[in-house]
Amino acid sequence: MQERLIIRNARVVDPSCGDDDVRDVGVADGLIVPPSQAGGGACLDARGLALTPGLIDLHVHLRDPGQIDKEDIASGTRAAAAGGFTAVLAMPNTRPPMDNADALRATLARAQEFAAVRVLQAGALSIGLAGRELADFAALRAAGAAALTDDGRCVQSNALMLEALRRARALGLAVLDHCEDEGLAARGCVHPGELARSLGALPMAAAAEEAVVARDAVLAREAGWPVHIQHVSSGLSVDLVRWARSRGLPLTAEAAPHHICLTAEACLEHGTNAKMNPPLRGADDRRAILDGLQDGTITVIASDHAPHTAAEKDVAFQEAPSGIVGVEVALALCLGELYHSGRLPLLDFVGKFTTGPARVLGLPMGTLAAGAPADLTFIDVDREWVIDVRQFLSRSRNCPYHGRRCRGRAVATLVGGRWAWRDPEFDSRLRG
Ligand SMILES: [Zn+2]
């Protein structure tokens, strides 16, 4: 049930208004209210915890419908809640794909019934994500699509992508792009160099991504409509986004935790559990992504949560599916690399998970303003813990971080005034 709640002495970190100070927050009827209007409910002692707007993950594969041996709406969103997320944008490359209104409506109806957090569903740009014929964007929007992307694939025709941007603009729908020139990618799956040879896998040149990032900057200007670049992996891609933004071109970009934390060498240690698309790249690329997050070129961190079964991953590198699970560890990993390292103050860090994604979608989320839905994340930024994949709430375990020491994690999430997840130790803070 919905909580009436007074939260005492939280460190309130709200990038939507630049707030970072200790104060009380009230929750009543599913909304954030002044503490004086939340009387008669429970009292929460949040001393020592950061309280942020509910985190939003702009890039999640829930595998539902069609591949529920990997994940489903219930398991994926429970994992997201445990990771501190109160909303996820689900990618449309399900089976069948979300390229028509009926399929999308049915998925959102199941989410209404089974999801632990808000599920925003992306529709496909093209029928079957095949890049030949555009989906019916108006019908997708009417069915509840929150954005459009062919993630996993990439529309290869510049003319078709321009037409997609024009139609999306007319409907006010955000467009997200998995940037990959399929010719340049040439079936590659690993950063070029000695590593590719020792893994016996085909190299994927960074140019496959960079050429499409540059293309998208040009098309965004031509259409007068933004493109959001998904999971940047290369330093030149970051440079291109920085250049485009400095010219006033409407480009935004996200980075995934694995490109923030790891380089291609991780493939030697972790094998197919370090195989992703785009692949992990060099130390210079990783540093450029960190710099891009620090200087505001990259405004979003998104997990690219991509569950696969152990059997699917237990094959030769070239044959294995791409992706790793991420929603339960994204916040902790990035706290270490960006906040505890001193690269970003907590307020700017939290913005990558709240105001950043909310602006991409054009949705009034990611704020603790009075009257907003009570989507809240409680974070113990100093909690030390060790990642144990056996404890994941996700249905899958494909993850290269098992045994990694972390500092900081979400300890509770509230969605629309209802608890979506609470750490066992958190309950001792609740009274009444
Ligand atoms: Zn992708």
Side-chain angles (χ1 to χ4, degrees), residues 56-63 66-67 70-71 76 88-95 97-99 120-126 128-131 146-156 161 164 174-182 184-191 204-213 215-216 227-234 237-238 240-241 251-260 262 264 272-281 285 289 298 300-308 312-313 320-327 330 357 360-361 396 398-399:
I56 303 162
D57 192 336
L58 218 47
H59 199 137
V60 167
H61 297 273
L62 293 177
R63 307 298 190 206
Q67 296 178 295
K70 301 172 192 257
E71 196 78 283
V88 298
L89 181 69
M91 294 296 107
N93 61 340
T94 47
R95 296 181 187 171
M98 296 297 115
D99 62 0
L120 308 168
Q121 180 64 54
L125 283 165
S126 68
L129 289 80
L148 299 167
T149 175
D150 268 2
D151 182 53
R153 303 289 302 276
C154 176
V155 173
Q156 299 294 292
M161 190 64 175
V175 175
L176 289 55
D177 201 11
H178 164 122
C179 296
E180 181 180 337
D181 181 295
E182 289 170 6
L184 294 175
R187 294 184 55 246
C189 64
V190 65
H191 191 52
M204 185 197 282
E209 172 182 289
E210 294 150 0
V212 179
V213 174
R215 181 271 309 250
D216 284 351
V227 178
H228 175 72
I229 307 296
Q230 298 180 289
H231 44 47
V232 284
S233 74
S234 102
S237 292
V238 179
L240 288 164
V241 173
L251 231 51
T252 56
E254 75 192 24
H258 38 271
H259 294 120
I260 291 170
L262 303 174
T272 58
N273 277 341
K275 180 181 180 183
M276 21 252 174
N277 185 13
L280 297 172
R281 297 205 177 275
D285 296 299
I289 288 168
I298 302 169
V300 174
I301 296 173
S303 72
D304 196 2
H305 179 75
H308 294 291
E312 288 171 305
K313 280 285 197 182
S322 298
I324 62 172
V325 291
V327 278
V360 169
L361 297 176
S396 290
N398 51 308
C399 174

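Computed from heavy atoms alone, side chains included, the values below leave out hydrogens, waters and symmetry copies. Whatever order the structure lists them in is the order used to number ligands and atoms, beginning at 1. Just so you know, residue 1 is the first one in the sequence shown, and it goes up from there.
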Do any N/O/S atoms of Asp151 come under 2.8 Å of the Zn ion (ligand 1)?
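Short answer: yes, at least one N, O or S atom is under the cut-off.
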Is any N, O or S atom of His59 under 2.8 Å away from the Zn ion (ligand 1)?
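Given the 2.8 Å cut-off, His59 does not count as a ligand of the Zn ion (ligand 1).
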Where does the angle between the aromatic ring planes of His59 and His231 fall among parallel (under 30°), tilted (30 to 60°) and perpendicular (over 60°)?
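Ring orientation of His59 relative to His231: tilted.
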If only side-chain N and O atoms count, and only distance matters, is there a donor-acceptor pair under 3.5 Å linking His61 with Gln67?
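Short answer, no.
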Is it the case that Glu180 and Asn277 place a side-chain donor and acceptor less than 3.5 Å from each other?
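Note: Glu180 and Asn277 side chains meet the donor-acceptor criterion.
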Using the side-chain hydrogen bond (donor to acceptor under 3.5 Å, both in side chains) definition, which of the options Glu209, His259, His191 pairs with Ser233?
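Testing Ser233 for a side-chain hydrogen bond (donor to acceptor under 3.5 Å, both in side chains) against Glu209, His259, His191 leaves exactly one candidate, Glu209.
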Tell me which N, O or S atom of His178 sits nearest to the Zn ion (ligand 1).
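Answer by atom name: ND1.
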